[in-house]
Number of protein chains: 2
Amino acid sequence: MSDTDVMERPTPQKRPGGRTAEVTRRIHEAILELLVEGGIDACTFQNIASRAGVERSTLYRRNPDRWPTIIDAIIDFAERETAPHDTGTFRGDLTATLRNLARALNGPLGPALITVAAALQTGVAPGQGERFWASRMERLGPMFDGAIARGELRDNVDREAIFSMAAGPIYFRRLIAAKPVGDDWVRLVVDEICGRYCLEN
Amino acid sequence: MSDTDVMERPTPQKRPGGRTAEVTRRIHEAILELLVEGGIDACTFQNIASRAGVERSTLYRRNPDRWPTIIDAIIDFAERETAPHDTGTFRGDLTATLRNLARALNGPLGPALITVAAALQTGVAPGQGERFWASRMERLGPMFDGAIARGELRDNVDREAIFSMAAGPIYFRRLIAAKPVGDDWVRLVVDEICGRYCLEN
DNA sequence: AGTTAAAGCAACTATTTGTTGCATTAGTGG
DNA sequence: CCACTAATGCAACAAATAGTTGCTTTAACT
């Protein structure tokens, strides 16, 4: 009560363990289910809360905006689904990565993935788009590192450019053209990328 | 009043002229503005109505679902922006088309375009995705027709596949990787496509 | 074991959604 | 120009959702 500690606000220590982690898990699970069932429109705080068995106020207190919440769930999913590949060749790694991507996009959550990613560019959630993309590229680091170490790629290649050329047609075919993405399509893309960027050997 | 015409409901004749057309124009304009300013979340019937100076009930009566309404505005925009190109070569036409696409995507409405297109695949608006895509491909018909007629492409090429390979990286780079799409990027894509699909000459 | 984040609970207001009956305007065909 | 009526305007609804808040309970950390 003394006036000496009026200004003291000892920065509340976080408690991310146990219950909190479980609540987070349930929230993410609920969001993914809702995205599959009803798309973005279904992802209201109300729906998320009741589906996850969590209080609505908890969601608002964690983050008053629903977009960062949704992004968290998506990134969480993407990181769980994105297994690292090390086949020994860039071609093999890229093929595995794109097959993995195609599998995710072909699945029920595919459309929601790009809907969210695209929505991030509309200004609804400043900074979240970069967060998502950075998370994606970080997972691809080892693939490029290995290829460069083996001399398959020049060490100054534009990694984002290469991945954009590779993943672009995969995304597009599934989500704009609404066509299935099969192994043949993946192989076509891989051939183009390797033919253009891989050093001769 | 006779019972002879009880079943007669002479399918009310439409009146698409004058006022109705003007209202449609204002609605589309309002939607595009809202998409630019606040993304999908801003496109509520309430916002659209007040922005367009139209009664909310009119929107509900025209279509109780907001997605077809939004798609209409997007398609309308896309068709207005998509000028036909006839440069005399497939490479020229494709370059012009992709530059056009890049320009649209680089603009303020770019992110909204793909957000909507992607949202269509989530089941929020059955059939609307196909409608959008069909509208897009239809505009590209002359380009392929001309190229085939000139012998630059085989007459059995998969037009959708080619356009997916071309437009995919454009979309991706702008809207997932959030990088600008410059002429250099367009040229890179064009080189790949032409190198792979154009017949030698 | 004590401290205190963090979640639960409950009540509340404001906003948005979706609907409907009636009045008014104006496109269309004669 | 007139009559008909589709389409919009207007206004008043109920229902759902969005946010917010004070208090209680649980359980993560030291």
Side-chain angles (χ1 to χ4, degrees), chain A residues 1 5-31 33-35 37-73 119 124-125, chain B residues 1 5-6 8-31 33-35 37-70 72-73 119 124-125:
Chain A
M1 295 300 181
D5 50 5
V6 165
M7 299 302 292
E8 305 213 8
R9 193 63 65 90
T11 48
Q13 55 205 36
K14 298 292 181 185
R15 291 182 184 177
R19 182 171 60 163
T20 297
E22 169 64 12
V23 167
T24 299
R25 196 191 60 75
R26 288 214 307 270
I27 291 173
H28 287 182
E29 193 177 59
I31 290 175
E33 288 177 14
L34 288 169
L35 280 174
E37 295 171 16
I40 276 296
D41 286 356
C43 285
T44 64
F45 271 174
Q46 190 140 303
N47 285 342
I48 296 170
S50 61
R51 174 69 63 106
V54 168
E55 270 301 313
R56 209 160 49 88
S57 55
T58 296
L59 296 177
Y60 281 108
R61 287 190 177 116
R62 282 180 164 214
N63 201 321
D65 190 355
R66 70 174 187 155
W67 282 106
T69 312
I70 294 173
I71 304 309
D72 280 340
V124 291
Chain B
M1 296 302 180
D5 50 5
V6 165
E8 303 211 11
R9 193 62 65 91
T11 47
Q13 56 206 36
K14 298 292 181 186
R15 290 182 184 179
R19 182 170 60 165
T20 297
E22 170 63 13
V23 167
T24 299
R25 196 192 61 75
R26 288 212 307 269
I27 291 173
H28 287 182
E29 192 177 59
I31 290 175
E33 288 177 12
L34 289 168
L35 280 174
E37 295 171 18
I40 276 295
D41 285 357
C43 284
T44 63
F45 271 176
Q46 190 141 301
N47 285 343
I48 297 170
S50 60
R51 175 69 64 106
V54 168
E55 269 303 310
R56 208 160 49 88
S57 54
T58 296
L59 297 177
Y60 281 107
R61 287 191 178 112
R62 283 181 164 213
N63 199 322
D65 191 355
R66 69 175 186 155
W67 282 105
T69 311
I70 294 173
D72 278 340
V124 291

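Here is the naming used below: chain letters follow the sequence lines, and residue numbers restart at 1 for every chain. Everything numeric here is computed off the predicted structure, so don't read it as measured data.
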Completion exercise
note: E22(B), atom CD; dT25(C), atom C1'; distance rounded to Å ~ 15 Å
Practice task
Could you tell me which residues satisfy salt bridge (Lys or Arg N to Asp or Glu O under 4.0 Å) with E22(A), sequence neighbours excluded, listed by chain and number?
Solution key: R25(A), R26(A)
Problem - Spacing of F45(A) atom CZ relative to dA18(D) atom P, expressed in whole Å - result: 8 Å
Exercise for the section: Just grab all the salt bridge (charged side-chain N to carboxylate O under 4.0 Å, His left out) pairs involving residues 49-58 of chain B, residues at least two apart or on different chains. Expected result: E33(B)-R51(B), E37(B)-R51(B)
Handout entry: Residues that T69(B) engages under side-chain contact (heavy atoms from CB on, under 4.5 Å), provided they are two or more places apart
Key = I27(B), I31(B), F45(B), N63(B)
Exercise for the section: Compare side-chain N and O positions of T20(B) against OP1 and OP2 of dA6(D) and report whether any pair is under 4.0 Å apart. Expected result: no
Handout entry: Proximity to DNA chain D (any heavy atom under 4.0 Å), residues of residues 50-62 of chain A only
Key = R56(A), S57(A), Y60(A), R61(A)
Fill in the blank from the handout: Rounded to 10°, the helix from dT3(C)-dA28(D) to dG30(C)-dC1(D) deviates from straight, judged by its five-pair end axes, by 60°
Exercise for the section: Can you check whether any acceptor in the base of dA7(D) is under 3.5 Å from a donor in the side chain of R19(B), or vice versa? Expected result: yes
Exercise for the section: Please state how far atom CD in Q46(B) lies from atom C1' in dT16(C), giving the value in whole angstrom units. Expected result: 5 Å
Exercise for the section: Tell me, with the steps shown, if D41(A) and R66(B) meet side chain to side chain contact (heavy atoms under 4.5 Å, CB included). Expected result: CA-CA 11 Å; D41(A) 286 356; R66(B) 69 175 186 155; 3.1 Å; yes
Practice task
Please round to the nearest 0.5 Å and tell me the distance separating atom CG of D65(A) and atom OH of Y60(A).
Solution key: 10.5 Å
Exercise for the section: Locate the shortest heavy-atom distance separating L34(B) from C43(B); write the atom from each residue and the value. Expected result: CB-SG, 3.9 Å
Completion exercise
Smallest heavy-atom separation, V54(A) atom then V23(A) atom, equals CG2-CG1, 3.9 Å
Problem - Nearest-0.5 Å distance that lies between atom CD1 in I40(A) and atom CD1 in I70(A) - result: 4.5 Å
Exercise for the section: Find the distance W67(B):CH2 to dG18(C):P and express it as a whole number of Å. Expected result: 13 Å
Handout entry: Residues in side-chain contact (heavy atoms from CB on, under 4.5 Å) contact with T44(A), at least two apart in sequence or another chain
Key = Q46(A), N47(A)
Practice task
Return the value, rounded to whole Å, for the distance between atom CZ of R66(A) and atom P of dG19(D).
Solution key: 9 Å
Handout entry: Atom pair distance, as rounded to whole Å: CZ in R26(A) and C1' in dA7(C)
Key = 10 Å
Handout entry: DNA chain D: 5'-proximal contact among P64(A) and N47(A) (nearest heavy atom)
Key = N47(A)
